[in-house]
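What follows is a short report on a single structure.
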Amino acid sequence: SCYLLLNGEISHLSQAILLPLLKLQVAQENPLLISLTLPNLLGKDSIEVELIPEKKGLFLKHVEYQVTSERFKISVYRRYSDFDVFHELLLQRYAYRMVPALPPKRVLKGEREFIEGRRRGLGRFLNLVARHPFFSEDELVKTFLTFNGSDVQTKLRDAFRKMGDEFMTCRHATQAKDYLPVDIQSLFSASRELIRNIHTSFQKFRDRAERMAERSKENATDLLMLGKELGALGSDPLPVPSLDCSSNMWGDLRHSLHSLSSEFSLLADKAARKGRREEDDVVEQLNLFLDLLQSYKDLCERHEKGVLHEHQRALQKYTVMKRQMMSAAVQPKEQVEQLESRIVQQENAIQTMELRNYFSLFCAHQESQLVFTYLPITSHILGAFISSHVQGHREMGQVWASLHSKMSGLFPSSNGLQSPPLSPK
């Protein structure tokens with residue numbers, strides 16, 4: 001149902017957003033358009049984040065990570081506080097872009113599980129940032145991924161002070177309005193609503209895939225324990241009492257049970273591998289895509305609560321000043337001149353905010369395209385999901401078939417008991 005809903009959402013969103021873009025006359029020269037494919041984005045960089053042994057201070061111990069960039073061919077060491085400063089500066093520099101959120105700082109569940117989950121989250125964060133068409137060439141990103149000095153946080157802050165926010169450095173910022181479609185507001189609303197629906201569907205898909213991967217690992221544990229119990233039973237050193245002819249039968253059966261324990265261990269290994277594949281190739285990739293979609297939702301919220309809200313407040317303040325000016329005829333000349341100066345300053349502030357508002361919409365429109373560029377990753381995820389189950393069931397099926405054939409040796413044929421035949425299906 002999630003997949004069918006997703007197809008409908010993509011089709012609807014394609015008609016609502018992509019078709020108007022195709023109608024723009026000089027698409028190749030329009031800086032509003034992003035001409036990238038998913039392989040282009042994925043090929044920009046691949047970041048590995050690995051946990052290194054804990055370092056203990058006098059009072060506290062901290063976790064450190066080794067960050068390796070395939071693009072820059074270098075490994076650096078970072079603490080969570082370094083990620084925190086980097087994220088904060090990235091948000092200040094690119095307030096109008098999709099900046100992914102960091103995983104939580106504090107332990108929410110078991111420490112080992114939390115640290116591993118945070119490591120994965122930090123890896124997703126860096127990969128999304130390093131593959132973003134505007135972030136990837138930024139000095140902040142290059143510094144974080146390559147600087148090997150003792151104080152990367154100071155180096156990051158120095159780099160940000162030299163650049164400022166994107167509005168101050170982008171050559172299209174003040175002309176953003178000229179590139180926007182006339183129906184930009186409706187496109188923005190349509191993008192926001194439909195991407196929210198896609199996010200909801202994939203969250204449900206991720207939750208189900210996560211539960212299935214967990215069940216595979218639990219199944220592996222159960223099979224392993226079952227095999228150990230059979231092995232223990234088959235290795236029981238107690239002698240078989242001489243009661244009747246059944247004594248010899250139990251001795252043979254016990255030996256056979258011991259031989260079957262290795263088959264259950266093999267089944268457990270196959271089930272564990274299946275669970276790991278689902279976790280790495282399906283759940284983790286779904287989390288990456290969900291992080292991207294969530295960053296788009298956060299961007300939309302920043303646009304509404306940030307620049308748009310500030311613009312409205314500035315207009316209200318300007319209206320109050322104009323009313324004061326109209327009633328200031330009887331006021332002293334100095335007060336009138338001060339009010340006139342304040343009105344001019346407010347007009348300049350409003351003009352800047354209007355420019356920022358259009359630039360925010362300009363960026364949001366580009367980020368919508370970026371979400372669309374990532375959408376084909378869903379087919380790769382679904383393919384990995386299906387392939388994992390096909391491979392897992394095939395491998396386990398082979399072991400189960402071998403186990404079934406060995407069952408015939410457990411009981412003597414004289415007792416009339418036989419293993420049921422394998423179903424032709």
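With no hydrogens or angles considered, no side-chain donor-acceptor pair links R273 and Q391 at under 3.5 Å. A donor atom on one side chain and an acceptor atom on the other are found under 3.5 Å apart for N127 and R131. For Y296 and R192, the side-chain atoms include no donor-acceptor pair closer than 3.5 Å. With no hydrogens or angles considered, a side-chain donor-acceptor pair links N40 and T37 at under 3.5 Å. A donor-acceptor contact under 3.5 angstrom links the side chains of R206 and N287, judged on distance only. Donor-acceptor pairing under 3.5 Å is lacking for the side chains of D165 and Q92. Q203 and D207 share no donor-acceptor pair across their side chains, judged by distance under 3.5 Å alone.
A side chain to side chain contact (heavy atoms under 4.5 Å, CB included) with L145 is found for exactly one of V67, V76, L140, I74, namely V67. Of the candidates K162, R161, K155, R161 is the only one forming a salt bridge (charged side-chain N to carboxylate O under 4.0 Å, His left out) with D158. Of the options L290, L292, D291, a side chain to side chain contact (heavy atoms under 4.5 Å, CB included) to R124 is made by D291 and by none of the others.
No donor-acceptor pair closer than 3.5 Å links the side chain of D281 to the backbone N or O of A384. Under the 3.5 Å distance criterion, the side-chain polar atoms of K73 are matched with a main-chain donor or acceptor of E70. The main-chain N or O of E279 is never found under 3.5 Å from a side-chain atom of E210 such that the two would form a donor-acceptor pair. Without hydrogens or angle criteria, S402 side chain to Q398 main chain gives no donor-acceptor distance under 3.5 Å. S265 places a side-chain N or O within 3.5 Å of a backbone atom of S261 that can act as its donor or acceptor partner. A donor-acceptor distance shorter than 3.5 angstrom exists from the side chain of H87 to the backbone of P100, with no hydrogens or angles considered. For the pair R118 (side chain) and K105 (backbone), a donor-acceptor distance under 3.5 Å is present. Side-chain N or O atoms of E166 include none that pairs as donor or acceptor with a backbone N or O of C363 at under 3.5 Å.
Ion pair E263/K270 not flagged as a salt bridge, since none of the NZ, NE, NH1 or NH2 atoms sits closer than 4.0 Å to an Asp/Glu carboxylate oxygen. A salt bridge does not link R196 to E193: none of the charged side-chain nitrogens sits closer than 4.0 Å to a carboxylate oxygen. Salt-bridge formation is detected for the pair R120/E116: a Lys NZ or Arg NE/NH1/NH2 atom is positioned less than 4.0 Å from an Asp or Glu carboxylate oxygen. Between K142 and E137 there is a salt bridge, since a side-chain N of the basic residue sits under 4.0 Å from a carboxylate O of the acidic one.
Taking the six-membered ring where tryptophan is involved, the planes of F359 and F362 are essentially parallel, since the angle between them stays under 30° and well short of 60°. Ring-plane geometry between Y65 and F83 is classed as perpendicular, the angle between the planes exceeding 60 degrees on a 0 to 90 degree scale with a lower cut at 30. A tilted orientation is assigned to the rings of H132 and F134, their planes being inclined by 30° to 60°.
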Verdict with reasoning, T378 to F205, per side-chain contact (heavy atoms from CB on, under 4.5 Å)
CA-CA 11 Å; T378 59; F205 182 18; over 6 Å; no
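Closest heavy-atom contact between R302 and A95: NE-O, 3.0 Å. For the pair F264 and G227, the tightest heavy-atom approach, listed with the atom from each and the gap, is CB-CA, 3.6 Å. Minimum heavy-atom separation, R93 to G164: NH1-O, 2.9 Å. Contact detail for R171 and Q175: the closest heavy-atom pair is O-OE1, 3.2 Å. Shown here for P31 and Q366, the closest heavy-atom pair between the two residues is O-NE2, 2.7 Å. When all heavy atoms are compared, the tightest approach of A159 to E139 is CB-CG, 4.3 Å.
In this structure, F289 has its ring center no closer than 6.0 Å to that of Y374. In this structure, H172 has its ring center under 6.0 Å from that of Y179.
Inter-residue side-chain proximity for L41 and P133 is flagged as met; some heavy-atom pair is nearer than 4.5 Å.
Atom NZ of K228 is surrounded by 12 or fewer heavy atoms from other residues, nucleotides or ligands within 6.0 Å. Residue Y77 places its OH atom among 12 or fewer non-hydrogen atoms of other residues, nucleotides or ligands, all under 6.0 Å distant. Within a 6.0 Å sphere centred on CZ of F167, heavy atoms belonging to other residues, nucleotides or ligands number more than 12. Counting heavy atoms of neighbouring residues, nucleotides and ligands inside a 6.0 Å radius, atom CD of E50 exceeds 12 of them.
With values rounded to the nearest 0.5 angstrom, S388 atom OG is found 8.5 Å from H393 atom NE2.
A cation-pi contact links R78 to F144, judged by a cut-off of 6.0 Å to the six-membered ring centre and 45° from its axis.
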